[in-house]
Amino acid sequence: MEIAIQLDRVSYTYPGVSSPALKDVSLAVPAGQICAVVGANGAGKSTLAFTIAGFIPHFYHGTLQGEVTVAGKKTQSTPLSELVTQAGLVFQNPFNQISGTKFTVREEIAFGLENLGMGRDEMLARCEAMMALVGIGDLAERSPLGLSGGQIQRMVIASILAMGPQILVLDEPTSQLDPVGRREVLASIRGLAEEHAMTVVIIEHHLEWLAANADRMVVLADGTIIADGSPGEVLTDEAAWQRGLSRTRYTEAARQASARDCWPAGRRLAVTLDEAEEGFRAAWTS
Amino acid sequence: MLVGGLAMPGTWGVYAFMALVVLPLASWGRVLKELVIATVRVAFPFALSVFLIQGFLWPGGTPIFAVGPLSLKSEGLAFSVASTGRILMVVSSFLWFAFTTRPDMLMLALVQRGLPTSLSYMIVATLQIVPRFQARAAAILDAQRARGVETGGNLIHRVRTVLPLVVPLILSSLIDVEERALALEARGFSRPGVKTSLIEVREATWEPGLRWGIGLAAVALVVLSLWLR
């Protein structure tokens, strides 16, 4: 199995700070996997995203120990301008990711390609393909400043994908969106992973979506990985709950049912709607 | 256009230039109404202050009529009419340029002629960020109102509102700078090497000739103006 992202005993301390934001983190993400990263605020999730995308150590200097390999390239020794074509990073605030110099969505998506020095015909073709991919083809001639938060975030994802990365790192891409925007963005991400076999690392608080869509879940607390496994295993892990991991509404329902002997004995607690339905049906029929 | 307008001889030359050149060009560019409204809004306070100061405080001169100890002088009035014309010319020509030129196209053309990309980015991004800045200021003002800060009322109340608006506006903008820089890096902005452009600045074959013609006309007007003095 090809490994897209490899972190080997990585620790990182921001400049001017004494305690490390990441402590001895080791992680291997196979190509094509959707890896969810969850944890409380200040757990080190964004730092992990910056490390994978190469912004640490190229943008945030600080002290980085250990080795980070992304798409076969050591991030410490590869220029950031090269890394961004291997691992694209999408941030929380959609409005801060608009270049601020373009007047249409198509031009905005082409911004990164212009910086790469791509020819105009290829640029146009990529723009059209990426807009279709995230479902914003009808917005091509609209001003980026006139879009909703969800539309901007999808435009940003298209802009990043246009640069051809094999890996997409999303740092809470829906945290500043309304429910409609959140649904639009998450549907686009799911489509990307299913149809284009991209490696996706997503930091997200929407556990129900992660439980149904992620292949793997990593829990960070105080800069270290405290749980790593399938969403079903991690989200029902009592030790992780005690370290502050939230439960999906289905896990909570199953947990309370279990406490009242209304959940099948020996069955793992539900983390998705389908699992909850199956569990309650089984409890009802037995 | 600006040089030509300011070079027009006589007090009314600049007004004639505006009527015969600036306004028809604005009409051709379908920005006549916006241009007139914006020009009046911007130039009126200057024109009024010039009229009051020069008209009434002109040393010596011929009085037209008196208001108490002050009298309006004909020389001061003529000076203020000429100055107002120049102010209107400067404001209207800059606004015509701003209303009819896409900044990104202008910058692209300048980059193709050697302007550094980073400088071009700073100029266009600054122009584009204004609406976002206004929206944020409005949001902060609403938030302050929700906390009971009085934002209306007399001048003193309004001045008191400035601090709770400006401080969060500046701080939040500074915080955004880092994320904006990250977003630019994520799009390869600082990558060395040749950059390309999706937009093509196409120039018609007659445009270089027109540029030279306009330049020569401006020089001719300046020479004419000097000769007529």
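The basis for the numbers below is simple: all heavy atoms, side chains too, and nothing from hydrogens, waters or symmetry mates. Reminder, nothing fancy here: chain letters follow the sequence lines and each chain counts from 1.
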message: Donor-acceptor check, side chain of Y121(B) to backbone of G100(A), threshold 3.5 angstrom: yes or no?
response: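 No: the side chain of Y121(B) does not pair with the backbone of G100(A).
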When you look at [atom1] of [X], are more than 12 heavy atoms from neighbouring residues, nucleotides or ligands closer to it than 6.0 Å?
{"X": "R41(B)", "atom1": "CZ", "answer": "no"}
{"X": "F59(A)", "atom1": "CZ", "answer": "yes"}
{"X": "F46(B)", "atom1": "CZ", "answer": "no"}

Check your understanding: Looking only at heavy atoms, which of residues 172-194 of chain B get nearer than 4.5 Å to chain A?
Key ->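 The residues closer than 4.5 Å to chain A, in numerical order, are D176(B), E178(B), E179(B), R180(B), A181(B), L182(B), A183(B), L184(B), E185(B), A186(B), R187(B), G188(B), F189(B), R191(B), P192(B), V194(B).
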Q. In Å and rounded to the nearest 0.5 Å, what is the OG to CD distance from S197(B) to E107(A)?
A.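 Rounded to the nearest 0.5 Å, the OG-CD separation comes to 8.0 Å.
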Let me confirm one number: the CZ-CD1 distance from R120(A) to I199(B), rounded to the nearest 0.5 Å.
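Between atom CZ of R120(A) and atom CD1 of I199(B) there are 9.0 Å.
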Against chain B, label [X] side chain, backbone, both or neither, depending on which of its atoms sit under 4.5 Å from a heavy atom there.
{"X": "Y60(A)", "answer": "side chain"}
{"X": "N93(A)", "answer": "both"}
{"X": "E122(A)", "answer": "neither"}
{"X": "L116(A)", "answer": "both"}

Shortest non-hydrogen contact from L113(A) toward T196(B):
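Distance-wise, the nearest heavy atoms are O-OG1, 4.0 Å.
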